[in-house]
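Heads up: the structure comes next, in structure tokens.
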Amino acid sequence: MNVLIIGGGIIALTAARELKKRGAERVTIVEKGVLGREASFAAAGMLAPNAESNGTGEFHQLCSASNRLFPALAGELLAETGVNIELDLTGTLFVGFTDEDEAEIEERYAIQKKAGVNVVPLSGKDVLALEKNVSGDVRKGLLYPDDGQVENRKLVAALRRYAELNDVVIRENTFIDRLVIEDGVVIGAASGNDVFCADRVIMATGAWAELIPNNGQWGAFGPRPIRGQMIGFAAGDFSFSHVIYSPRGYIVPRADRHVIAGATMEDVGFRAEVTPNGIAAVRKAAEEIAPVLADATMNESWAGLRPFVSDGLPVIGEFPGHKNAFIATGHFRNGILLSPITGRILADLATTGKTEIDITAFSPERFSAAAAGQS
Ligand SMILES: Cc1cc2nc3c(=O)[nH]c(=O)nc-3n(C[C@H](O)[C@H](O)[C@H](O)COP(=O)(O)OP(=O)(O)OC[C@H]3O[C@@H](n4cnc5c(N)ncnc54)[C@H](O)[C@@H]3O)c2cc1C
């Protein structure tokens, strides 16, 4: 089987690995820039099915299932490529400093406890016992022992290495400008005069929607970019052992002891750039969590574009009305977390036409059904 993957982010890379493991003879990734340098590079790498959602419903189940794939993935990638993706499942803290934060934490705890989420309520004192550099103003917290982080840039590097070692064809700096469709069947895609023929085509183009057939017709379907700005602090005379969230931001301590902090949420189109206001807002939220960061050296800032679809859920499945074409987009704030399971689903669909993972809630069909209902 010959599979063409358009886009070269984390979703494309995990799909390529799964396809190779299932014996696909030829897998080609075509990327308009450099593999993994867009949202997948910009991300914080948090694996936060519980800190990121209220712990109920299909989305939470998909995120949790994907989170459980990481320990095996980390071990396999180390053996296959020699790259350590720095998986850290120490747990994530969610902390609050105001009356509103306390109310949010209590509500979260009530909902999540009822839903069976592994969550531990903490007093301010408990938080400080776990993390001495959190602000003394902390009033309450939650510990999510199953959440954690991965070094997403190393994950991209490991998956790229896997692809190179397993004869995945990689074409960078190549913009796919159209799908090649015959009688409703997608038979490839093209970049100018360069045509890539394939038995199956996977669109994994993140926030970029140009290639989605009939994008206008599907109305709400097209993803759009939501910018996130991030900053990094050089390692200093401080340390943290958990990812720490507040309602206004988060800090992520990396294995080499530098700390990254994020992130803005801005609907400003395809402008993956940082702004003074964005950086100031991220820095303020980070310093609220850990005032010690006010004296830290900020040595990095960057921005990326999260792929967001109108209902906030990913879109994964066969493209309606276009046989042989599959799409995976809309991973929004959780594409690193969701990458292992999305790669599996795409490989299932491309090789067998079906998957045992329940993706009904994420199917592109939900938009055609909604559109039909409106007309
Ligand atoms: C600031 C920030 C923080 C984040 N933090 C986290 C986090 O902590 N945890 C988490 O799980 N997720 C996080 N995310 C979300 C996560 O990064 C994304 O959901 C994920 O990277 C999406 O992966 P992707 O492969 O779909 O998109 P991308 O990584 O954007 O890849 C899509 C690729 O397709 C290419 N492309 C597009 N159109 C074409 C075309 N026509 N031809 C060829 N190539 C094309 C693009 O160049 C791009 O490289 C964060 C995102 C941001 C921006």
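Each ligand, and each atom within it, is numbered from 1 in the order the structure gives. Count residues from 1 along the sequence.
Closest non-hydrogen pair, A325 versus V186, comes out as CB-CG2, 3.6 Å.
Protein neighbours of ligand 1 below 4.0 Å, counting non-hydrogen atoms: I6, G7, G8, G9, I10, I11, V30, E31, K32, E38, A39, S40, A42, A43, A44, G45, M46, T174, F175, I176, A204, T205, G206, W208, L211, G228, M230, Y250, G304, L305, R306, P307, H331, F332, R333, N334, G335, I336, L337.
For F332, the ring pair (Phe, Tyr, Trp, His ring centres under 6.0 Å) partners are F308, not counting sequence neighbours. Applying the salt bridge (charged side-chain N to carboxylate O under 4.0 Å, His left out) rule to D237 yields no partners; only residues at least two apart in sequence or on another chain are considered.
By the 4.0 Å N-to-carboxylate-O rule, D167 lies too far from R26 to be salt-bridged with it.
For residues 286-299, the pairs satisfying side chain to side chain donor-acceptor pair (under 3.5 Å) are R248-E288, R283-E287, with sequence neighbours left out.
Inspection of the D348 and T355 side chains reveals an N or O donor paired with an N or O acceptor under 3.5 Å.
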